[in-house]
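Any value given below was found using the heavy atoms of this structure, including those in side chains, with hydrogens, waters and symmetry copies removed. Along the sequence shown, residues are numbered consecutively beginning with 1. In listed order, ligands and their atoms are each counted from 1. Just so it is clear, the structure is predicted and the values come from calculations on it, not from any experiment.
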Amino acid sequence: MVFRTFLLKYGEIGIKGKNRGQFEDALAAQVRHALSKVEGEFEVTKEQGRIYVNVAEEDDSFDPDEVMEALTRVFGLVGICQVLKVPVGDPDQIAEDAVRYIAQTYSMVPALKDTQPVDKEAPARPDAISFKVHTRRANKQYPMSSMEVDALVGERLLDAFPGKMKVDVHHPDVMLYIEIREEVYIYSKIVPGPGGMPVGTNGRAQLLLSGGIDSPVAGWMIAKRGVALDATYFHAPPYTSERAKQKVIDLAKLVARYSGPIRLHVVNFTDIQLAIYDKCPHDELTIIMRRYMMKIAEEFARQDGSMGLITGESIGQVASQTIQSLVCTDDAATMPVFRPLIGFDKQDIIDLSLKIGTYDTSIQPFEDCCTIFVAKHPVTKPRLDIIRKSEGRLKDVIDEMLEEAVAKAETIRIT
Ligand code: ATP
Ligand code: MG
């Protein structure tokens, strides 16, 4: 018996009234997108505050674990259940299906696995599975009340697995849900979803994506709030290698597993970096470079229809992320800059990157464009007026260089 239905639960907060339909449509679209990478034929439907995924009856190619894995990356979902869906039958039929469901779903639990005959009169064994049945009767025409179905199914389970199951209404190991709707849905395990909001319900933002640990996590966090992403990466060939670029493409792919498609703009930053290196005080290199990164990323944000920028900065992590440095960087952007990691310790960020699967790629040792032109003693408390004055030394060339960097950038579509 293969369960061909997945029940998807989502949070209700903030989706009252008119927003609800939009929220559900966006969520269904993201579910379809996530499943487009999984082998199998899936139908995604919305019904009465629920989203269901049904696998075509004749389709045997699908792997339920792969489906579950893909669904646990869809923002907006709070729970995912594999469901046994059966036609509405009489109560005896429902009880029989519930027994079948338990036998299959918990076949690996020691108590059920044990095929030794049991004395029906003996008390429940210590490792018996405790359970509670919870029936919901959305179809009010059904001839039996929810509580009567609970009682009947409970009784049948005790009979079917004598000594191996016991009732516990307070802290059951297994909550068995039975929903009587147009059809009967039987399920028990609710796998937590990632939470958040469906991507596409909160606009679009431009992520400054480097090859480090932080920026992919920052992008993931903003996408989790329902924001679609595009990204800009600055490299400095020949000072940075093709492998460094590939690493960023790989990171964008990992983030896109959650966020959906990303336009990745790869900007050749070499000439601008060399010009800064040539003309500006070396202890200000990183700050000035960061300011031009903001300006270029903002131009792509405009082109892509974004309303904000995202960086992986966190207060005090390095010299270029002191409050004074952030003030200088911020000044270069006119759009809001989202810095979701601002108050995170490095270890918190590492933990998140492990959880979302970007860590192993992030720690591959390839040069980032910033590490090549860094000063030995960068300013930690830059003053905006001084930084602006230093930038003045580039005034004859910089506008044209920025335009050229944007015009010559390569755009890669990450799906
Ligand atoms: P990360 O791990 O994200 O690289 P980091 O700790 O190395 O961060 P910095 O190198 O100071 O920190 O970079 C701060 C932020 O600036 C990054 O999180 C990223 O958003 C942006 N950034 C830095 N370098 C680049 C780059 N080469 N291309 C695009 N964005 C960059
Ligand atoms: Mg970095």
Using a plain distance cutoff, I'd like to know if D214 has any nitrogen or oxygen under 3.5 Å from a nitrogen or oxygen of ligand 1.
yes

Contact region, H235 to ligand 1, non-hydrogen atoms below 4.0 Å, reads neither

Identify whether NZ of Lys or CZ of Arg in K9 sits under 6.0 Å from the centre of the six-membered ring of Y177 and within 45° of that ring's axis. yes

Within 4.0 Å of some non-hydrogen atom of S320, the atoms of ligand 1 are 11 (O)

Q.
For Y258 and W220, take the angle between the two ring planes, folded into 0 to 90°, and tell me which bin it lands in: parallel under 30, tilted 30 to 60, perpendicular over 60.
A. perpendicular

Review point. Taking both backbone and side-chain atoms of Y233, is any N or O found less than 3.5 Å from an N or O belonging to ligand 1?
Key: no

Within the 4.0 Å heavy-atom cut-off, what T232 brings close to ligand 1 is backbone

Legend entry - N/O separation below 3.5 Å, L208 to ligand 1: yes

Note: ligand 1 atoms sitting under 4.0 Å from heavy atoms of G312 are 17 (C), 18 (O), 20 (O)

In Y292, Y239, Y277, F234, the residue satisfying ring pair (Phe, Tyr, Trp, His ring centres under 6.0 Å) with F269 is F234

Are F23 and Y10 close enough that their ring centers fall under 6.0 Å? yes

One finds that the ligand 1 atoms under 4.0 Å from a non-hydrogen atom of G212 are 1 (P), 2 (O), 4 (O)

Check: I213 N/O within less than 3.5 Å of ligand 1 N/O: yes

Test your reading of the structure: does G211 have an N or O sitting under 3.5 Å from an N or O of ligand 1?
no

Counting from 1 in the order shown, the ligand 1 atoms closer than 4.0 Å to a non-hydrogen atom of T311 are 20 (O)

In ligand 1, the atoms that come under 4.0 Å of a heavy atom of L209 are 28 (N), 29 (C), 30 (N)

Within the structure, does M293 bring an N/O atom to less than 3.5 angstrom of an N/O atom in ligand 1? no

Subject >> Q317 and D214: side chain donor to acceptor below 3.5 Å >> reply: yes

Correct closest heavy-atom pair for V255 and I262 would be CG1-CD1, 4.1 Å

Among H265, R290, K346, the residue with a heavy atom nearest to atom 10 (O) of ligand 1 is R290

Near S215 (heavy-atom distance under 4.0 Å), the atoms of ligand 1 are 1 (P), 3 (O), 18 (O), 19 (C), 20 (O)

| field | Pair Y101, S188: side-chain N/O donor-acceptor within cut-off below 3.5 Å | value | yes

**Report entry** Donor on one side chain, acceptor on other, T270 and N268, under 3.5 Å
**Finding:** yes

If we number the atoms of ligand 1 from 1 as shown, the ones under 4.0 Å from a heavy atom of Q317 are 6 (O)

- Message: Under 3.5 Å between any N/O of Q321 and any N/O of ligand 1: does that happen in this structure?
- Response: yes

**Asked** Does a donor on one side chain sit under 3.5 Å from an acceptor on the other, for S210 and S215?
**Response** yes

Item to complete: Apply salt bridge (Lys or Arg N to Asp or Glu O under 4.0 Å) to K164 and D114, showing your working.
Response: CA-CA 9 Å; K164 297 175 170 187; D114 188 353; 5.4 Å; no

E183 versus T5: any side-chain heavy-atom pair under 4.5 Å?
no

